[in-house]
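In what follows, chains carry the letters A, B, and so on, assigned in the order in which the sequence lines appear, proteins first and then strands, with residues in each chain numbered from 1.
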There are 2 protein chains.
Amino acid sequence: MHSEHVVSRSAEPKGSQETRSGNSTPPLDSVSLAIIEQLQEDGRRPYAAIGKAVGLSEAAVRQRVQKLLDQGVMQIVAVTDPLTVGFRRQAMVGMNVEGDTEIVADALSDMPEVEYVVMTAGSFDLLAEIVCEDDDHLLDVINKRIRALPGVRSTESFVYLKLKKQTYMWGTR
Amino acid sequence: MHSEHVVSRSAEPKGSQETRSGNSTPPLDSVSLAIIEQLQEDGRRPYAAIGKAVGLSEAAVRQRVQKLLDQGVMQIVAVTDPLTVGFRRQAMVGMNVEGDTEIVADALSDMPEVEYVVMTAGSFDLLAEIVCEDDDHLLDVINKRIRALPGVRSTESFVYLKLKKQTYMWGTR
DNA sequence: GCCCAGAGCTGCGAAATCCGCAATAGTTAG
DNA sequence: CTAACTATTGCGGATTTCGCAGCTCTGGGC
């Protein structure tokens, strides 16, 4: 048992199932970390192989993976470069908002073209990544829908010219 | 729920290679698109289930998936919210660059803390997402390493406060 | 037209993997 | 100390993966 607690944090109220990044995410010990790292290298790696790597039985790994998925701590998915699969226009949109930033963030999150929403400190209150099929589509999303949201004071767009790096190796340094 | 239609795409003669934007990426027909969509929903979905969904045999799906992976068109990985895995500080950094933007982009891509690099049009030439363990680490990366790169004229940072959405559903609208 | 080569698909065992379940520790609360 | 709960293990049986041989379709060379 060499596994140590990362940070012992006690008494966390449960029952919160918010979108993401809610810190309802308790423990996550070093074994689960190791499992995640294995799956970041290959999302289809067999449970037995992972178990051998992290020192657990196949069944235990399976149970932990299922739990991590259920809790939303991780997801196992195929990722691609959108440009390769037919989406020709992407942009990052920075926004300034008046009132509750989170309400605007939620509205953005409901849009299918929006892949990524983050609340930030700095000269923007929100950043959102938009994935569209063409220029008309992008224009429509930004001008007709995002700027129409109540509370959005101003936006600034950065159209993607070339994606240079995109990794999913958190924890695998 | 499982609609058979993928991304609307005009009927394609099977021999036609539409001139896709530059990359060494061979066409990618609608069947492969459909396979990718299946794996975007669940990266561990069995080949037989995918085959039934897209109208192909298990073996054919397996061959196509392997090819897509080998070609680098997609990867099947576990993705997480870095905040839940022990990385407490993230930021998007916008940059203005003099000279060849791509050289700077390549240098950024070599840094392990940099998860995402994209060349953009607009008031920034480059956007880079940084994932760090703490404030010291973040400060070090931005001030000591990024701003030290030759050609970097100025930077502006947006520290993440809360990640609201992060999906990998390109093509699954 | 004819033949050949290459790419893609299918079907089929054999091997490996996944899955559910019951039994076994370890932990915490009373 | 016991009860309740959670995590883990070991096991069959069902399912999936894997490799391979054979088949079809297409395009090129002659």
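Nearest-nucleotide mapping onto DNA chain D: of Glu58(B) and Gly55(A), the residue sitting toward the 5' end is Gly55(A).
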Return a table of donor-acceptor pairs under 3.5 angstrom between the side chains of residues 51-58 of chain A and protein atoms on other chains or two or more places apart.
residue  : atom : partner  : partner atom : Å
Ser57(A) : OG   : Ala60(A) : N            : 3.2
Glu58(A) : OE1  : Arg62(A) : NH2          : 3.4
Glu58(A) : OE2  : Arg62(A) : NE           : 3.1

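At dT17(C), none of the side-chain N or O atoms of Arg44(A) fall inside 4.0 Å of OP1 or OP2 (strictly under the cut-off).
The aromatic rings of Phe158(A) and Phe124(A) lie perpendicular to each other, with more than 60° between the two planes, well past the 30° mark.
Between Ile35(A) atom CD1 and dT8(D) atom C1' there is a gap of 12 Å when expressed in whole angstrom units. Regarding Leu69(A), its CG atom lies at a distance of 14 Å from the C1' atom of dC18(C), rounded to whole Å. Computed from coordinates, the Gln66(A) CD to dC18(C) C1' distance equals 12 Å when rounded to whole Å. Atom pair Arg62(B):CZ and dC12(C):P shows a separation of 14 Å (rounding to whole Å applied). Rounded to a whole Å, the NZ atom of Lys52(B) is 13 Å from the C1' atom of dT16(D).
Here Arg89(A) does not pair with Asp136(A) in a salt bridge; the nearest charged N to carboxylate O distance is not below 4.0 Å. Note on Arg145(A) versus Asp110(A): no salt bridge recorded, every NZ/NE/NH1/NH2 to OD/OE distance being 4.0 Å or above.
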What N/O pairs connect the protein and nucleotides 7-9 of chain C at under 3.5 Å? Give each pair on its own line.
residue : atom : partner  : partner atom : Å
dG8(C)  : OP1  : Lys67(B) : NZ           : 2.8
dG8(C)  : OP2  : Lys67(B) : NZ           : 3.4
dC9(C)  : OP1  : Arg64(B) : NE           : 3.2
dC9(C)  : OP1  : Arg64(B) : NH2          : 2.5

